[in-house]
A.B. asks: 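My structure is below; once you've seen it, I'll send some questions.
Computed from a predicted structure; not experimentally measured.
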Amino acid sequence: MRETTPFWLPGLHAARRPYLLARNRIAAAVRGWFAGQDFVEVETATVQVSPGNETHLHAFATDLIGPGGERRTLYLRTSPEFACKKLLTAGETRIFDFARVFRNRERGALHHPEFTMLEWYRTGAPYEMLMDDCATLLRVAAQAANTTQFTFRGKSIDPFAAPARVTVAEAFARYAGVDLLATVRDGEGDRDALAAAATAAGVVIAVDDTWGDIFSRILAERVDPHLGIGRATILSEYPLPLAALARAKPGSDQVAERFELYACGVELGNAFGELTDVNEQRARFAAAMDEKERIHGERYPVDEDFLAALAEMPQACGIALGFDRLVMLATGAQRIDQVIWTPMVDIDD
């Protein structure tokens, strides 16, 4: 067990306070930008029927106790996504949410069990518009923090420079020498083909690694270290097997409308052209939960109300951005605890 120091000690709080005040300024500036773009700020519920249906995300469970003592298991959300999409179906067209979200089994310099997810959605807009939003918000945060450089552990970017845009396939070819799309057919990954490519690239894999596991190993070892250096990177067109809630790129059976934003080697945001095919979404949830049960021995229920709303939802795009991480980079903080007013657990001295 690591040594910790209570965050409330006056000396420690004084050291963190400049980061926390900068957080407030950045949040106010971001809210101001969204208001200028005719977005509506929403506040979605924290307790949900389902926390989300992704294989490797772990939720906090709780009990709802009725007046007669009857119990029902509910969850603290891992994302406000389901609730936000229900609001799009209800008629909202541009929304954003500074959402407190919860993820179990996550702790480290960039991870905290409770954190702030900034999500925003646009109906009737191409998902490329979110790329422009990301570039703008980096500048907004930099101006609010009175800085011209984002930094983290020796890596830096110019937040005012236009982000580099590269597809996942281009990045795999450039940095790992892997022809990724040669291992994707009809929306499915060819495990053996990717395993051979990974081995040729010097990436060690396990015998029970799935196609997705091998993809993640190559990404982490060969690709990620090159992203978000000097300027932010937008890594786009993820393979369909890794697009849980994203629609396919028009005319493609290999890649989806999904991108991730990187800065200073840190993943900041995950964006989708939103999937609205209910049957496809249900099938993806089932596959993800089957895999979760195989690996982790647990599964989460499907929010049927979400699927009912999804059937009526207009075409939209949306993104989840780690707000605490954005503040870290803008202020030069080295741990996420430094930019959270009251960390859930004690923080390192």
A.B. asks: Please report the closest heavy-atom contact between V101 and T78, naming both atoms and the distance.
C.D. replies: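 Closest approach of V101 to T78: CB-O, 3.7 Å.
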A.B. asks: Can you tell me how far the CD atom of Q254 sits from the CG atom of L180, to the nearest 0.5 Å?
C.D. replies: 9.0 Å
A.B. asks: Ignoring hydrogens, what is the shortest heavy-atom contact between V49 and P301? Give both atom names and the distance.
C.D. replies: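 Closest approach of V49 to P301: O-CG, 3.4 Å.
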A.B. asks: CD of E114 to CZ of R100: how many Å apart, nearest 0.5 Å?
C.D. replies: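 It comes to 4.0 Å.
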A.B. asks: Show me the pairs that pass ring pair (Phe, Tyr, Trp, His ring centres under 6.0 Å) and involve residues 234-256, at least two apart or across chains.
C.D. replies: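 Residue pairs passing ring pair (Phe, Tyr, Trp, His ring centres under 6.0 Å), neighbours aside: none found.
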A.B. asks: Over all heavy atoms of both residues, which pair between Y300 and G52 is shortest? Give the atoms and the distance, please.
C.D. replies: CD1-O, 3.5 Å
A.B. asks: Looking at R222 and A201, would you say the former's side chain and the latter's main chain have a donor-acceptor pair under 3.5 Å?
C.D. replies: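 Yes.
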A.B. asks: Does a salt bridge link D213 with R191, judged by any charged N lying under 4.0 Å from a carboxylate O?
C.D. replies: no
A.B. asks: So do R258 and L242 actually touch side chain to side chain, heavy atoms under 4.5 Å?
C.D. replies: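 Of all side-chain heavy-atom pairs linking R258 with L242, at least one is under 4.5 Å.
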A.B. asks: State the CG-CD distance between L240 and E257, to the nearest 0.5 angstrom.
C.D. replies: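 These two atoms lie 10.5 Å from each other.
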A.B. asks: Identify every side-chain donor-acceptor pair in residues 80-98 under 3.5 Å, counting partners at least two apart or on other chains, and give the distances.
C.D. replies:
residue: E81; atom: OE2; partner: K85; partner atom: NZ; Å: 2.8
residue: K85; atom: NZ; partner: E274; partner atom: OE1; Å: 2.6
residue: K86; atom: NZ; partner: D303; partner atom: OD2; Å: 3.0
residue: K86; atom: NZ; partner: D305; partner atom: OD2; Å: 3.0
residue: T89; atom: OG1; partner: K85; partner atom: O; Å: 3.3
residue: T89; atom: OG1; partner: A309; partner atom: O; Å: 2.9
residue: R94; atom: NH1; partner: Q37; partner atom: O; Å: 2.7
residue: D97; atom: OD2; partner: T44; partner atom: OG1; Å: 2.6

A.B. asks: To the nearest 0.5 Å, tell me how far R282 CZ sits from L307 CG.
C.D. replies: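 Between atom CZ of R282 and atom CG of L307 there are 5.0 Å.
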A.B. asks: For L235, does its backbone N or O pair with a side-chain atom of T233 as donor and acceptor, under 3.5 Å?
C.D. replies: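 Pair absent, no side-chain N/O of T233 close to backbone of L235.
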A.B. asks: How about E280 and R247: do any of their side-chain heavy atoms sit closer than 4.5 Å?
C.D. replies: no
A.B. asks: By salt bridge (charged side-chain N to carboxylate O under 4.0 Å, His left out), which residues pair with R139, not counting sequence neighbours?
C.D. replies: none
A.B. asks: Please name the pair of heavy atoms, one in N53 and one in S50, separated by the smallest distance, quoted to 0.1 Å.
C.D. replies: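 What the structure gives for the nearest pair is OD1-OG, 3.4 Å.
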A.B. asks: For the backbone of T46 and the side chain of Q48, can you confirm whether one donor and one acceptor N or O come within less than 3.5 Å of each other?
C.D. replies: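 Looks like no, no N/O pair under 3.5 Å.
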A.B. asks: Scan residues 184-220 for pairs that pass ring pair (Phe, Tyr, Trp, His ring centres under 6.0 Å), counting only residues two or more places apart or in two chains.
C.D. replies: F172-F215, W211-F215
A.B. asks: State, to 0.1 Å, how close A198 and I214 come at their nearest heavy-atom pair, and which atoms those are.
C.D. replies: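 Looking at all heavy atoms of both residues, the shortest contact is CB-CG2, 3.7 Å.
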A.B. asks: Taking side chain to side chain donor-acceptor pair (under 3.5 Å) as the test, write out the residues that go with R294, two or more places apart.
C.D. replies: E291
A.B. asks: Angle class for the F285/F306 ring planes (parallel below 30°, perpendicular above 60°, tilted otherwise)?
C.D. replies: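 Plane angle between 30° and 60°, so tilted.
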A.B. asks: Under a 4.0 Å N-O cut-off, is there an ion pair linking R77 with E119?
C.D. replies: no
A.B. asks: Donor-acceptor pairs under 3.5 Å, side chain of residues 143-166 to any protein atom, not counting sequence neighbours: which ones?
C.D. replies:
residue: T147; atom: OG1; partner: Q149; partner atom: N; Å: 3.2
residue: T147; atom: OG1; partner: Q149; partner atom: O; Å: 2.9
residue: D158; atom: OD1; partner: F160; partner atom: N; Å: 2.9
residue: R165; atom: NH2; partner: D132; partner atom: OD1; Å: 3.0

A.B. asks: Does some side-chain heavy atom of H111 sit less than 4.5 Å from a side-chain heavy atom of I336?
C.D. replies: no
A.B. asks: Please round to the nearest 0.5 Å and tell me the distance separating atom CZ of R16 and atom CG of L21.
C.D. replies: 11.0 Å
A.B. asks: Could you tell me whether the side chain of T123 and the main chain of A316 form a donor-acceptor pair under 3.5 Å?
C.D. replies: no
A.B. asks: A side-chain contact here means heavy atoms from C-beta on lying under 4.5 Å apart; do P18 and T331 qualify?
C.D. replies: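 No; the side chains remain at least 4.5 Å from each other.
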A.B. asks: Show the nearest heavy-atom pair for residues T62 and V47, with the distance to one decimal.
C.D. replies: CG2-CG1, 4.4 Å
A.B. asks: Check this for me: does any side-chain nitrogen of one of R23 and D324 sit under 4.0 Å from a carboxylate oxygen of the other?
C.D. replies: yes
A.B. asks: Atom CD1 of I340 and atom CZ of R335: how far apart are they, to the nearest 0.5 Å?
C.D. replies: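 Rounded to the nearest 0.5 Å, the CD1-CZ separation comes out at 10.0 Å.
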A.B. asks: Regarding D290 and R299, does a basic nitrogen lie under 4.0 Å from an acidic carboxylate oxygen?
C.D. replies: yes
A.B. asks: Report yes if some heavy atom in the side chain of M131 is under 4.5 Å from a heavy atom in the side chain of S236; otherwise report no.
C.D. replies: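 The answer is yes, as the side chains (C-beta and beyond) meet within the 4.5 Å cut-off.
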